[in-house]
2 protein chains.
Amino acid sequence: MVAVRLQDVAARAGVSQATASRVLNGSARVPGEGVADRVRAAARELGYVPNAQAQALARASTGLLGLVVHDIADPYFSSIARGVQAAARTARKHMLLASTDRDFDIEREAVSTFIAHRADAIVLAGSRQSGDLDLDLEAEFARYRDNGGRVVVIGQPLACGGAVEPENHSGAANLADALVAAGHTQFAVVGGPGSIRTAVDRRNGFVEALGRRGLTPLVEVSGDFTRDGGYSAARRLAGALELRADTGTTPVCVFAVTDVMAIGAIAAWRELGLSVPRDVCVAGFDDIPTLRDHTPSLSTVALPLEHIGARAVELALCRDFGPDDLRESVPGSVVLRDSTRLP
Amino acid sequence: MVAVRLQDVAARAGVSQATASRVLNGSARVPGEGVADRVRAAARELGYVPNAQAQALARASTGLLGLVVHDIADPYFSSIARGVQAAARTARKHMLLASTDRDFDIEREAVSTFIAHRADAIVLAGSRQSGDLDLDLEAEFARYRDNGGRVVVIGQPLACGGAVEPENHSGAANLADALVAAGHTQFAVVGGPGSIRTAVDRRNGFVEALGRRGLTPLVEVSGDFTRDGGYSAARRLAGALELRADTGTTPVCVFAVTDVMAIGAIAAWRELGLSVPRDVCVAGFDDIPTLRDHTPSLSTVALPLEHIGARAVELALCRDFGPDDLRESVPGSVVLRDSTRLP
DNA sequence: CTGAAAGCGCTTACAG
DNA sequence: CTGAAAGCGCTTACAG
């Protein structure tokens with residue numbers, strides 16, 4: 001990297017490095033007649049590109065924003081990433097991305113790297129295990145925050161500054177209410193890993209709402225928080241419930257705690273010759289963009305994913321980001337579609 | 001950012017900064033008995049995190065890799081990003097991501113930022129306009145390369161070092177052949193913007209293969225390279241072809257130059273009461289993961305998207321990346337599914 | 001308004 | 001093996 005340096009630009013323009021710096025970085029100081037033009041011309045002619053590393057070292061901030069997701073190819077995360085990207089742009093920040101493949105070691109490593117790069121803020125998306133398994137991470141965040149770093153988590157039980165909290169519990173409860181109101185009477189649940197709070201909250205919200213109406217899920221199964229997790233859980237559920245086609249009876253309504261799992265479940269049932277919503281009904285959670293063209297259309301709790309990503313950035317960059325936690329709830333809205341339609 | 005510095009660690013360990021640096025960065029030099037342990041202990045106790053900006057300045061390389069995509073929420077790009085991320089990790093690089101929203105000004109700006117951050121390499125995904133509209137960008141890349149930067153484009157007509165080239169032309173041709181072999185006789189095309197090479201190559205490959213068999217598309221329409229672009233193009237196409245349901249005749253087979261457009265097209269037709277493949281058949285291109293659970297299952301040309309992303313990184317980081325262009329073709333494979341099934 | 005100089009936190013020849 | 005020192009490319013008080 002033997003690039004053109006500010007010094008070269010200054011020399012060609014016949015000014016000091018300090019002046020060149022002031023002209024090019026748009027400092028408040030107004031340079032004398034023609035000076036600015038000369039510097040800018042020199043910069044252009046030489047093809048000067050400021051060294052952001054050097055700037056970062058000399059200034060306080062790097063203009064970098066780190067985003068950690070579980071899987072960038074998952075529509076849930078890529079939608080959030082899109083929102084983060086948009087908000088980062090308007091804040092004139094640039095995005096460091098880590099897709100961890102759901103590996104917590106990789107995640108920790110990614111966070112360390114972001115801190116090493118002195119990212120101005122870090123957004124952690126993707127549900128974390130609840131419990132105190134991540135003391136290392138919390139300690140690292142604490143130091144990072146002491147040094148002026150900002151951390152915002154999306155839907156996680158980590159207390160580390162900021163949090164955007166999708167209303168998982170009440171969203172799932174509202175969904176249950178809506179399904180009961182629509183005439184459903186028999187339910188089952190496809191849950192996620194017990195260690196993931198988002199999964200647990202949604203499951204609990206749903207089951208508790210059912211309980212308030214005197215209902216209990218016939219069966220609960222669970223799987224990974226992925227399409228394949230939903231697929232295999234759904235097969236087990238079909239076995240447990242002895243689901244069959246064309247029974248003519250009111251189908252069981254299954255709540256899958258995330259859309260990708262619901263989609264996997266539908267695929268599994270289809271292979272078993274079961275039709276949705278005729279033989280079994282299903283609702284998900286998130287309203288990922290993929291759903292728009294899915295058949296059957298999927299009932300779900302719609303979360304404004306891009307907005308969530310954008311808000312996380314705004315929270316992180318918020319002026320009054322202090323020692324206290326800044327948290328913001330984001331409600332979801334129930335959307336009933338074909339997949340839970342009763343005859 | 002008043003973080004712990006190497007100096008602090010050295011002081012606590014009772015060694016010089018140079019020694020501390022050598023211990024912590026794993027230089028080849030082997031320190032004396034116990035020294036390494038003392039330094040490492042000090043680093044741990046103090047919670048030392050190296051300042052990557054300072055390291056980058058002192059060393060040659062930053063360990064950063066820039067990826068530019070049109071839209072990170074588009075499955076095509078998020079799949080590529082996943083591959084890039086995986087390859088970057090194994091190369092111990094970290095990823096700067098820019099999602100440009102298909103705005104070429106934003107794209108240029110993103111590239112500038114990556115260069116300013118002295119990214120070791122830049123991967124440009126997302127089709128570029130053909131023609132010479134981007135002299136600025138090419139000039140900037142040229143300088144970047146002179147300074148040791150590496151650039152790899154995915155499926156673009158830019159000559160700038162490396163390129164991963166999906167075989168769009170032949171893939172589309174093979175698709176046409178396969179459809180003809182399957183009994184299709186009437187075709188139409190939903191193309192992308194005329195200025196995007198990927199779209200044009202696919203369209204040409206398809207139409208030329210048809211031509212070799214004495215066939216010509218009945219109609220060609222085009223739209224944006226997005227789901228909505230496919231949706232609106234498909235409506236126009238339905239009008240032009242006067243598509244109707246249940247005619248009992250052999251349906252027209254439509255080639256949409258990208259899966260997302262095909263999906264949009266199917267949605268449009270469904271709204272018009274047309275059924276795929278009964279009233280109209282359709283094939284896409286890419287085999288995005290979304291397709292896995294789409295109904296009807298979509299015929300397409302499968303591209304190994306993650307692999308493409310990974311190869312772009314490997315090419316960029318390849319030792320013999322010289323002044324000559326390094327390019328690699330990636331074939332696509334035709335997959336016929338329900339959406340082109342004849343009765 | 002402009003410039004000389006110190007400093008940001010590291011790495012790495014160069015001596016010892 | 002270890003350390004003093006220069007240097008990476010910028011910014012920014014501090015003088016003038």
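Chain A is the first sequence line, chain B the second, and so forth, proteins listed ahead of strands; every chain is numbered from 1. All of these numbers come straight from a predicted model, not from anything done at the bench.
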Legend entry - Atom-pair distance (CG on A:Asn51; P on C:dC8), nearest Å: 18 Å

Legend entry - Spacing between B:Leu57 atom CG and C:dG7 atom P, to the nearest angstrom: 17 Å

Inset, instruction - Quote, to the nearest angstrom, the C1' distance that separates D:dT12 from D:dG16. - result: 16 Å

Legend entry - B:Ala58 vs A:Ala58, nearer the 5' end of DNA chain C by closest nucleotide: A:Ala58

Inset, instruction - Check whether any side-chain N or O of B:Tyr48 sits under 3.5 Å from a backbone N or O of B:Asp8 as a donor-acceptor pair, and report yes or no. - result: no

Inset, instruction - Would you mind reading off the distance between A:His117 atom NE2 and C:dG9 atom C1', rounded to a whole angstrom? - result: 14 Å

Inset, instruction - Taking all non-hydrogen atoms of both residues into account, name the closest pair between B:Arg118 and A:Pro50 and its distance. - result: NH1-O, 3.3 Å

Inset, instruction - Tell me which nucleotide among D:dG9, D:dG3, C:dT11 gets nearest to the side chain of A:Arg5. - result: D:dG9

Inset, instruction - Decide yes or no, distance alone: a donor-acceptor N/O pair under 3.5 angstrom between the base of D:dG9 and the side-chain of B:Arg118. - result: no

Legend entry - d(CD, B:Gln55; P, D:dG9) in whole Å: 17 Å

Inset, instruction - State whether the side chain of B:Asp120 and the backbone N or O of B:Thr62 hold a donor-acceptor pair below 3.5 Å, judged by distance alone. - result: yes

Legend entry - Spacing of A:Gln17 atom CD relative to C:dA4 atom C1', expressed in whole Å: 11 Å

Legend entry - Closest to side chain of B:Ser21, choosing from D:dA4, C:dG9, C:dT11: C:dT11

Legend entry - Sequence-distant partners of B:Arg89, side-chain contact (heavy atoms from CB on, under 4.5 Å), two or more places apart: A:Ile106, B:Gln85

Legend entry - N or O in side chain of B:Thr19 less than 4.0 angstrom from D:dG3 OP1/OP2: yes

Legend entry - Spacing of B:Arg38 atom CZ relative to D:dT2 atom C1', expressed in whole Å: 12 Å

Legend entry - Length of the OH-C1' vector between B:Tyr48 and C:dC10, whole Å: 7 Å

Legend entry - Considering all heavy atoms, the nearest A:Ile72-B:Ser78 contact: O-CB, 3.3 Å

Legend entry - Closest-nucleotide ordering on DNA chain D, the 5'-leading residue of A:Leu6 and B:Val15: B:Val15

Legend entry - Whole-Å gap separating C1' (C:dG3) and CZ (A:Arg22): 7 Å

Inset, instruction - For B:Gln53 and A:His117, indicate whether the former's side chain and the latter's backbone hold a donor-acceptor pair under 3.5 Å. - result: yes

Inset, instruction - Check DNA chain D for consecutive Watson-Crick or G-U pairs with both distances under 3.5 Å and list the runs of at least three as stems. - result: C:1-3 with D:14-16, C:5-12 with D:5-12, C:14-16 with D:1-3

Inset, instruction - Select base, sugar-phosphate, or nothing to describe what B:Gln53 touches, counting heavy atoms under 4.0 Å on all strands. - result: nothing

Legend entry - The single option from A:Leu97, A:Ile122, A:Leu96, A:Val313 passing side chain to side chain contact (heavy atoms under 4.5 Å, CB included) against A:Leu65: A:Val313

Inset, instruction - For B:Gly14 and for B:Arg59, find the nucleotide of DNA chain D with the closest heavy atom, then tell me which residue's nucleotide is more 5'. - result: B:Gly14

